[in-house]
Colleague: 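If you scroll down you'll find the structure; I have some questions about it.
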Amino acid sequence: MMLIGYDRESMKLRHFRMCTIVYYSSSMYIRRMKPTPPFILQYWTSSCSFFTCTLLRLRPYSATATATATADFSPSPSLLIDEFTRFCYQRDLPRAMKAMKSMQKHQLWADSITYSELIKCCLAHHAIHHGRLIHKHLFSHGHRPATFLINILLNMYVKFNLLDDAQALFDQMPHRNVVSWTTLISAYANTNAMLHHDKALQFLILMLRDGVRPNMFTYSSVLRASHGLPNLQQLHSSIIKTGLDSDVFVRSALIDIYSKWGELHNSLRVFDEMVTADLVVWNSIIGGFAQNTDGDEALNLFKRMKHAGFWADQGTLTSVLRACTGLALLELGRQIHVHVLKFNQDLILNNALLDMYCKCGSLEDANSVFSRMVETDVVSWSTMIMGLAQNGFSRKALQLFESMKASGTKPNYITILGVLFACSHAGLVEDGQFYFQSMNKCFGIYPGREHYGCMVDLLGRAGKLDEAVKLIHEMECEPDTVTWRALLGACRVHRNTDLAIYAAKRILNLEPNDAGTYILLSNIYANSQRWEDVAEVRRAMRGRGVGKEPGCSWIEVDKQIHAFILGDKSHPQIGVIRMELDQFIWRLKELGYVPDTNFVLQDLEGEQKEDSLSYHSEKLAIVFGMMSLSREKTIRIRKNLRICGDCHVFAKLLAKMEHRNIVIRDPIRYHHFRNGICSCGDYW
DNA sequence: TTAGGGTTAG
């Protein structure tokens with residue numbers, strides 16, 4: 001390669017082939033190079049073209065400079081563009097940017113593809129400043145880049161999450177094609193803000209008015225922005241009219257959005273209409289059901305998928321684990337764990353596995369997975385902290401939180417929630433207050449509704465009802481039903497009827513058809529022997545058509561799920577189970593067990609009262625577990641309602657008498673019964 | 001050049 005420059009003495013363009021080059025940037029000496037061998041100039045990196053050079057011309061084979069020619073180096077346009085292009089393709093961002101600066105000075109531009117490579121490089125390095133310089137260069141000296149290239153810039157701003165910059169650029173575009181519109185629509189649809197979703201939908205209309213036809217990219221993006229079912233159905237009809245509903249991306253987006261709106265039948269319909277699905281669509285539909293707490297259907301689809309000849313990938317297994325988690329299917333979860341080992345480096349999948357073990361009440365397995373994970377993140381730690389807290393190991397949860405801080409992982413909103421949950425469920429009032437008061441100062445996390453809910457729960461359970469009410473009044477955000485429910489629960493435990501009625505009414509103002517609150521209120525009246533008020537609540541429920549959800553417990557035995565519903569006698573072995581249960585109650589009574597009739601919801605007397613308690617679903621499930629599972633196996637039960645005080649005493653005593661381990665998961669927390677005590681310390 | 005699935009709470 002030769003260097004080309006103007007010789008200041010002759011004022012002519014010269015080729016310098018043999019020289020020692022000393023070159024400067026401003027006045028600073030940078031480098032000196034001797035030619036080896038003479039006549040052949042070593043290939044110089046093109047960085048020399050950006051400096052004023054002093055060229056020391058040498059005689060052949062002479063070591064002494066005989067003449068000095070100082071030249072203002074002025075490279076040829078093609079050379080500069082070639083260098084720039086090379087750096088862009090080499091992803092050498094600093095050199096490419098230098099080369100671009102020189103091009104800008106000489107009013108030179110490379111082709112669009114080269115800039116797209118450079119912008120990719122900026123995105124990879126999150127180099128926003130460089131991205132803006134490229135934007136400036138492309139529009140410098142009145143230059144007008146092609147629509148293709150502006151689209152790339154537009155996408156760059158979107159990926160940098162600079163939507164205002166993207167919008168400003170879009171507004172300036174003289175010509176917008178389907179990609180320009182789709183990029184902007186997709187940007188607005190992908191945020192969580194309602195306002196942005198509205199914009200995405202407005203832009204779809206403007207796009208149509210502009211005569212630009214949406215394609216599959218546009219529809220698969222804009223679907224995310226749909227608000228409500230009518231709007232979604234409208235979009236779905238437009239998609240069918242254009243014939244784009246056969247596109248797998250569009251189908252997948254339709255399945256996702258129908259699932260998001262809880263329209264699982266529509267999701268399934270869209271899915272079933274497909275002639276063939278690829279793996280991702282299967283994952284969409286399985287994930288849709290798993291996230292909508294319809295684990296049964298998710299598992300059915302998983303079976304169908306395997307039947308159709310597909311191998312599960314990380315995404316599938318994560319959703320299937322989530323379904324197991326929701327249904328508390330420990331044995332199936334363990335089987336999935338075997339498949340997970342193939343993807344043992346996948347962080348999200350491992351986190352789902354951790355959560356499955358925690359939610360199925362097997363902390364030993366969760367600990368074992370956690371300790372073997374090569375990579376952990378804030379979700380892994382938070383899952384473990386919450387898992388320990390929910391399972392009654394509050395101290396361990398707090399110890400783990402300290403380890404997390406020591407590991408350098410920054411806690412997030414949910415981590416703190418787990419910490420407060422641990423405190424509230426173990427009665428650690430002072431610890432809870434300390435973490436709550438320091439969360440903003442130490443971790444920069446402002447307390448949200450959920451944190452206040454935990455604190456109300458913490459104070460309320462500890463009997464500090466006045467402080468709990470004071471805290472609700474101090475909340476910066478409006479208290480919601482979760483907050484009032486926490487107070488209501490505390491009122492029930494501490495028998496504060498007046499405050500309970502106040503809290504319950506606040507809940508019913510917000511959710512007039514909430515069966516749980518009516519039941520809790522009726523419970524409180526029943527505990528205070530206010531049977532007329534109980535009847536009044538029942539009347540209000542009937543008036544509104546609100547039904548009490550019957551207590552239901554599930555247990556997994558030999559890969560089969562057995563459900564026990566209060567008052568339901570459909571289980572094939574129900575007669576034997578009831579007889580066995582009566583035997584256990586009789587033996588326990590001899591050891592001092594007295595049924596706690598405070599938990600009966602009806603105004604019944606004597607034996608009748610005791611009877612309705614005897615057949616609570618969890619008691620039937622426990623007895624069935626004892627009959628079906630070998631002694632060394634833990635009896636694991638999932639419940640739809642909170643466990644009642646009588647069943648709690650029953651489980652504790654039975655676990656001791658029969659030397660069995662029993663775990664009951666209710667909608668809020670877990671109870672591990674062993675040797676006459678429960679992990680919750682009777683505080684729940 | 002533009003689009004798709006999976007993890008922690010309630």
Colleague: Categorize A:Asp346 for me: base, sugar-phosphate, or nothing, with a 4.0 angstrom heavy-atom threshold over every strand shown.
Modeller: base
Colleague: With the side chain of A:Gln291 defined as its heavy atoms from C-beta on, choose the nearest nucleotide among B:dG4, B:dT7, B:dT2.
Modeller: B:dT7
Colleague: A:Asp355 CG to B:dT7 P: how many Å, rounded?
Modeller: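 These atoms are roughly 10 Å apart.
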Colleague: Which listed nucleotide (B:dG10, B:dT1, B:dT7) is nearest to the side chain of A:Glu450?
Modeller: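 Of all the options, the side chain of A:Glu450 is nearest to B:dG10.
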Colleague: Rounded to whole angstrom units, what separation is found between the CD1 atom of A:Ile285 and the C1' atom of B:dG4?
Modeller: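 Computing the A:Ile285:CD1 to B:dG4:C1' distance gives 13 Å.
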Colleague: Once you apply a heavy-atom cut-off of 4.0 Å, does A:Lys120 come out as touching a base, just sugar-phosphate, or nothing?
Modeller: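 A:Lys120: no heavy atom of the nucleic acid under 4.0 Å.
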Colleague: If I take atom CG in residue A:Leu123 and atom P in nucleotide B:dT1, what distance separates them, rounded to the nearest angstrom?
Modeller: 13 Å
Colleague: Thinking salt bridges, do A:Arg91 and A:Glu117 make one under a 4.0 Å N-O criterion?
Modeller: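 A:Glu117 and A:Arg91: salt-bridged.
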Colleague: So does A:Arg322 get a side-chain nitrogen or oxygen closer than 4.0 Å to the phosphate oxygens (OP1/OP2) of B:dT8?
Modeller: yes
Colleague: Between A:Asp480 and A:Arg485, does any NZ, NE, NH1 or NH2 come within less than 4.0 Å of an OD or OE carboxylate oxygen?
Modeller: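 Judged by the 4.0 Å cut-off on N to carboxylate O distance, A:Arg485 and A:Asp480 do not form a salt bridge.
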Colleague: Should the pair A:Asp666-A:Arg638 be classified as a salt bridge under the 4.0 Å nitrogen-to-oxygen rule?
Modeller: no
Colleague: Need one value for A:Tyr219: base, sugar-phosphate or nothing, where a base atom within 4.0 Å counts as base even if backbone is also close, heavy atoms only.
Modeller: nothing
Colleague: Check the angle between the aromatic planes of A:Tyr115 and A:His137 and answer parallel, tilted or perpendicular using the 30° and 60° thresholds.
Modeller: tilted
Colleague: Roughly, in whole Å, what's the span from CG in A:Asn215 to P in B:dA3?
Modeller: 11 Å
Colleague: Can A:Asn351 and A:Ser380 be counted as having a side-chain donor-acceptor contact under 3.5 angstrom?
Modeller: yes
Colleague: Of the candidate nucleotides B:dA3, B:dT1, B:dA9, which contains the atom at the shortest distance from the side chain of A:Leu417?
Modeller: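 Of all the options, the side chain of A:Leu417 is nearest to B:dA9.
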Colleague: For the residue pair A:Asp355 and A:Thr325, confirm or rule out a side-chain donor-acceptor distance under 3.5 Å.
Modeller: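 No, because no side-chain N or O of A:Asp355 sits under 3.5 Å from a partner of the opposite role on A:Thr325.
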Colleague: Among B:dG6, B:dT1, B:dG10, which is the nearest nucleotide to the side chain of A:Val482?
Modeller: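 Output: B:dG10.
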Colleague: So if I take every side-chain heavy atom of A:Gln390 and compare against B:dT2, B:dG10, B:dT7, which nucleotide ends up nearest?
Modeller: B:dG10
Colleague: Closest to the A:Asp278 side chain: B:dG4, B:dT7, B:dT1?
Modeller: B:dG4
Colleague: With a 4.0 Å cut-off on heavy atoms, is A:Asp457 in touch with a base, just the backbone sugar-phosphate, or nothing at all?
Modeller: nothing
Colleague: What is the separation between atom NZ on A:Lys359 and atom C1' on B:dT7, rounded to the nearest whole Å?
Modeller: 10 Å
Colleague: Between A:Asp165 and A:Arg132, is there a side-chain N and carboxylate O pair less than 4.0 Å apart?
Modeller: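 Yes, this pair counts.
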Colleague: Grab the CE-P distance between A:Met455 and B:dG10 for me, whole Å please.
Modeller: 16 Å
Colleague: Counting only side-chain heavy atoms from C-beta out, which of B:dA3, B:dT8, B:dG10 sits nearest to A:Asn412?
Modeller: B:dT8
Colleague: Any donor-acceptor pair under 3.5 Å joining the side chain of A:Ser221 to the base of B:dA3?
Modeller: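 Check fails, no donor-acceptor contact within cut-off.
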Colleague: Can you say whether a donor on the side chain of A:Asn351 sits under 3.5 Å from an acceptor on the base of B:dG6, or the other way round?
Modeller: no
Colleague: Determine, for A:Arg251 against A:Asp247, whether the closest basic-nitrogen to carboxylate-oxygen distance falls under 4.0 angstrom.
Modeller: no
Colleague: Report the nucleotide, chosen from B:dT2, B:dG4, B:dT8, that has the shortest atom-to-atom distance to any side-chain atom of A:Thr183.
Modeller: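 Taking heavy atoms from C-beta onward, the closest nucleotide is B:dT2.
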Colleague: Just how far, in rounded Å, is P of B:dG6 from CD1 of A:Ile255?
Modeller: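 Answer to the nearest Å: 12 Å.
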Colleague: Would the A:His451 and A:Tyr446 ring centres measure less than 6.0 Å apart?
Modeller: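 Not close enough - the centres of the two rings lie 6.0 Å or further apart.
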Colleague: Touch check for A:Arg449, heavy atoms < 4.0 angstrom, all strands: base, sugar-phosphate only, or nothing?
Modeller: nothing
Colleague: Is any side-chain N or O of A:Lys260 closer than 4.0 Å to OP1 or OP2 of B:dG4?
Modeller: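 Negative; the distance criterion is not met.
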Colleague: Indicate, with a heavy-atom threshold strictly under 4.0 Å, whether A:Ser116 touches base, sugar-phosphate, or nothing.
Modeller: nothing
Colleague: For residues 376-386 of chain A, which residues have at least one heavy atom under 4.0 Å from DNA chain B?
Modeller: A:Val379, A:Ser382, A:Thr383, A:Met386
Colleague: Would you kindly give the CG-to-C1' distance between A:Leu204 and B:dA3, to the nearest whole Å?
Modeller: 14 Å
Colleague: Of all the choices, B:dA3, B:dT2, B:dT7, which nucleotide is nearest to the side chain of A:Met216 once you look at every atom?
Modeller: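 Nearest to the side chain of A:Met216 among the choices is B:dA3.
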